[in-house]
Amino acid sequence: MHKEVLLAHTLKSKGTSTILGGQLPFNVINNNQYIPPVAGGAHVKERDMRSDSPSLDHVVHTALSDTSKPVIVVGPAGSGKSTALQKLTLDWANGEHLHNFSHVFHFQLRELDDLNQMFSLETFLLRDHSHFSPESVSLLLEKPEKLLFIFDELDQYKHSLDPSVQTFCSDPSQMTSVSSIVASLLHGKMLKGASFLLATRHTECLKFLDGFNVGLVGFLKPQRKAYFEQFFPDPSIANRALLNMERTLSFYDFCTYPRFCWTVCCIYKSLLDAGERLPETLTQLYVSITVHLIQELSLNEARYRALVTALGLMASHCCLDPSSSCALGKMDSFVLNQFIPSKASLDSLLQVDGTPDLDGGILTFRTQLMQEFLLAVSFFLDMSLAESAKEMLEKHEDHARFLDLYMSGLSEPAQRRPLEMLLGEFNADRIMDFKCWFKSSSLETLEGCCQEKHLHCFRLLHQSQNESWMKEIITPSTRLGISYGGLGLEDSVALNYVIMHLGEVQQLNLYSARNLTEEIAEHLVPAMVQSQKIMLSSSSLSTGSVHHLASAVSRGRTKELDLSYSRLGDASCKILCTGLKNCKIQKLTLTVCRLTEACCGDLVSVLTSGTSQLHTLDLAFNEIGDQGLIHLCQGLRSPNCKLQELNLQTCNLTVGSMGALSAAMCSGQSDLRMLNLTCNMIGDSGLEQLSKALLQHPLCKLQRLTVFDSQLTGGCCAGLAELLMSKHCSLLELDLSVNELGQEGTLLLCKALSKPGCPLEKIGLTRCELTHLVFKELVLLLKSGTSRLKSLSVGLNFVGDQGTKPLWDALADPHCQLEALDVEMNNLTDASVGDLCAALSASSSLRSLDLSNNTLTDASVPALVQVMQDSPTMQEMNLRYNDFSEDVFNMLDSCDKIRY
């Protein structure tokens, strides 16, 4: 008997469906239109959900069988809570689920607020369930583990659940208040062992309940697809409508709400039936909704305008009021009574709760979105308001999420035209006021570096859909190069809109995009196509996003792609390489991307494709290994390979791959100009293989070789010296730093460098165990007139003032061509400053000097500052990490050439 009564009660109509209010639960269920919404964690977003995320029904069924705590479904208005609870109730009544419960009781908590008389739990149940006898109620309460109580609309329940202010009751037969019964049940003081299921929006009272919370997300893409196909009988129309919504609105969180899907479908149907275009922005959608709703009132233009102005006044009140509502008795203060004489005529836009007479009840807008839209419209209509656009927005800043977006959209003629046909023209002064505010604030924002402010400006521009206005605001001083990492869907759509209408941009900086999902990347593809450089350093890319990136670069203008520290991995690198085979990318940075030798075959396919333009490849800090490099060398030997720079720093290489590398560079096909082998274990024998190959093959074009910290000793220097003295040598830069070369080895190098015709212009010998004798040989070399050296690094060799002194003599010599000198951490003291300053005064070539990490003191500062101010050639002196006190900081600041 109870199941039949419950079925009849639940399926009974209570009101009518409205565009903004949504489809009534009983209609959804009766018409077999129920689609289970998706559940997730607290505050979960759609982008964090998987396509196979569990339905709310499944999670609730599982929770009710696994926990003794109240199960609390938490979700925003319109997310499908009430419909889901009614469906669960009906499924139980039909014998489909929850077989462990003998009785289910379903209550709307809002309807209990006005029950002021005293009840016992038994009489309270008999009040709504007269089919029970008092005796049968007493019997069923004796087995609480068989009972399920469902309470909906907890957020609208006006009584407190705070245990410190509630009086609890444990006896089901004791007379008490309804609020005491509800609190006693939910806190487990009465009917221990019974199960409870609640539904609520986010509300403060949740902190008083020890429950199992279930976050309600609503409809993800699969559910939205099913919903649209159910709403529109014609599959082609359903698909067209769905694609439009996904493209123009899916980045808003409320698109997951079933109620919003109902609203969109209803308004799309009216537009399609009238042969009109579907909206492109949120503003256009609400223009269409508002026109549709107020046309039903059949007023003239003046009355329409006055009505919307009055609704705007009420909207401002509701935005600023903590309860987002107002009493019906205040309607005359908004001049609404003249338009809406009865409660029935309020239903399309407004909702009345409580008693329907004008002195009681609460009046609210059916949705926050509509409330803010009418507030924005009224700003452009009501000239009685003294507020400027800036004052209006500041006043509602913390209460209206979409107000400035709506105002931006409505300031454009094409978007507001349907409203103006009903309401008359918007006030031109108000429009100009908003545009002046927006332009001035945007120019200030876009000259700064705040990512969130940039993105918000782009959202407003996207909402306006005004290309000429956007180009007026995005000026040459706009800092579009700042990082836009961490984009949401809405941000990606707005950023893409801006870039697409600007045309080609120099740089799309997505640095540290921690969650670049497939959806976000898909929205950004057109922007990527237009970008000369794409920065995705320190980003986290999903597999789907890499597919879109590969597609974008394969048909775009991108010449530089930075994926360093992105944890790309071999599998995603393989996907990326499908786009790299035929693109304009010239520089690819894959530093610290968790790559192994497995990726090298895919990279070879790019290098040998014949269409790749790649000339710089950075693979530093990846576990490529010898086998990976040997494979990669197949690409270097290809006549199609255009690679000129290759960074293999810290790639776990040994002597085992140096033969293949030498052969590739000397094959006559390789264009390699720069090679970085820093921090690999190639040793003397590995470098010897490279040196011999380069010496014996004049076809090698290598100009820059870095073997920093590569386990070298003086034993490698003979081969290097022979190479440097060869007429075929093309090396211009050689970095041997942090290797134990010692005196004997470096003297051999000095001899080679002094030979006329040696092309080397830059050499790094930092921390190579150089001695005083080596420094003297370097000085002879610099003064010889035959050396081409322009840059010399000899720091961390600790030779002190006396060891370094010959260098100052060399700088003063007119034959010395040195432009950059690094003597960091060589134990220099103030005693060297006199000779140093004399050398700088006499030098006609030196531009840069690094004196960092020595023991210079305040006493040396006046002379150093003076010589830097007087020198016409010196451009920079690095004095960082010396023994200076704060007393000389002002003096150092007086010379902008000094870094300290």
Side-chain angles (χ1 to χ4, degrees), residues 19-21 76-78 155-156 201-204 252-254 257 259-260 263 281-283 285-287 289-290 293-294 305-337 339-340 346-354 361-411 416 419 423 426-427 430 433-434 437-438 441 456 459-460 463 490:
I19 286 183
L20 295 177
D155 53 287
Q156 298 184 49
R201 305 179 197 178
H202 290 285
T203 174
E204 282 293 308
Y252 295 115
D253 52 7
F254 46 77
Y257 306 166
R259 178 193 293 176
F260 187 75
T263 300
T281 65
L282 186 66
T283 301
L285 174 68
Y286 273 86
V287 165
I289 291 173
T290 306
L293 292 177
I294 65 175
R305 192 180 184 98
L307 169 61
V308 173
T309 301
L311 288 170
L313 289 172
M314 178 184 160
S316 179
H317 169 84
C318 290
C319 275
L320 300 174
D321 187 276
S323 64
S324 298
S325 62
C326 68
L328 272 170
K330 291 186 177 181
M331 284 178 59
D332 55 350
S333 65
F334 306 126
V335 204
L336 275 173
N337 283 335
F339 302 103
I340 309 171
L346 295 172
D347 286 347
S348 61
L349 288 165
L350 306 173
Q351 177 175 317
V352 177
D353 297 318
I362 298 299
L363 193 68
T364 58
F365 285 91
R366 287 197 170 273
T367 69
Q368 179 75 14
L369 286 167
M370 193 65 193
Q371 175 179 297
E372 293 181 22
F373 180 76
L374 290 170
L375 176 58
V377 174
S378 68
F379 171 79
F380 294 112
L381 296 180
D382 187 3
M383 285 306 296
S384 67
L385 297 174
E387 292 174 319
S388 66
K390 180 180 179 181
E391 292 168 337
M392 169 87 156
L393 291 167
E394 287 177 348
K395 176 180 176 180
H396 296 88
E397 183 176 9
D398 299 325
H399 312 282
R401 173 184 171 190
F402 294 100
L403 180 58
D404 56 354
L405 289 177
Y406 285 141
M407 290 172 73
S408 180
L410 290 169
S411 67
R416 67 176 182 263
L419 270 178
L423 308 177
F426 284 18
N427 187 276
R430 284 295 178 114
D433 175 54
F434 174 80
W437 166 82
F438 181 44
S441 62
H456 187 69
R459 291 194 287 268
L460 294 176
Q463 201 67 211
E490 182 181 359

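Quick caveat, the model's predicted, so the values are computed rather than measured.
In this structure, Trp437 and Phe434 have tilted ring planes: the angle between them lies in the 30° to 60° band.
Every residue two or more places apart in sequence or in another chain that forms a side-chain hydrogen bond (donor to acceptor under 3.5 Å, both in side chains) with Glu204 is listed here: Lys207. Looking at residues two or more places apart in sequence or on another chain, you find a salt bridge (Lys or Arg N to Asp or Glu O under 4.0 Å) between Glu387 and Lys395. With sequence neighbours excluded, the residues forming a side-chain contact (heavy atoms from CB on, under 4.5 Å) with Glu394 are Lys390, listed by chain and number. Scored by the side-chain hydrogen bond (donor to acceptor under 3.5 Å, both in side chains) test, Ser408 finds no partners at all (sequence neighbours excluded). For Thr283, the side-chain contact (heavy atoms from CB on, under 4.5 Å) test picks out Thr281, Val287, Phe373, Tyr406, Leu410, Gln415, Gln463, with sequence neighbours left out. When the salt bridge (Lys or Arg N to Asp or Glu O under 4.0 Å) test is applied to Arg201, the partners found at least two apart in sequence or on another chain are Asp155. Looking at residues two or more places apart in sequence or on another chain, you find a side-chain contact (heavy atoms from CB on, under 4.5 Å) between Ala315 and Phe365, Gln371, Leu375. The side-chain contact (heavy atoms from CB on, under 4.5 Å) search around His456 returns Asp404, Glu452, Arg459, Leu460, not counting sequence neighbours. Residues passing the ring-ring contact (aromatic ring centres under 6.0 Å, His included) test with Phe402 are Tyr252, Phe254, sequence neighbours excluded. By the ring-ring contact (aromatic ring centres under 6.0 Å, His included) test, Tyr257 is found to be paired with no residue, residues two or more places apart in sequence or in another chain being considered.
Distance alone, capped at 3.5 Å, is enough to place a donor-acceptor pair between the Thr263 side chain and the Arg259 backbone. Judged purely by atom type and a 3.5 angstrom limit, Arg430 uses its side chain to pair as donor or acceptor with the backbone of Phe379. In this structure a side-chain-to-backbone donor-acceptor pair under 3.5 Å is missing from Arg366 to Leu349.
Rounded to the nearest 0.5 angstrom, Thr367 OG1 and Ile19 CD1 are separated by 11.5 Å.
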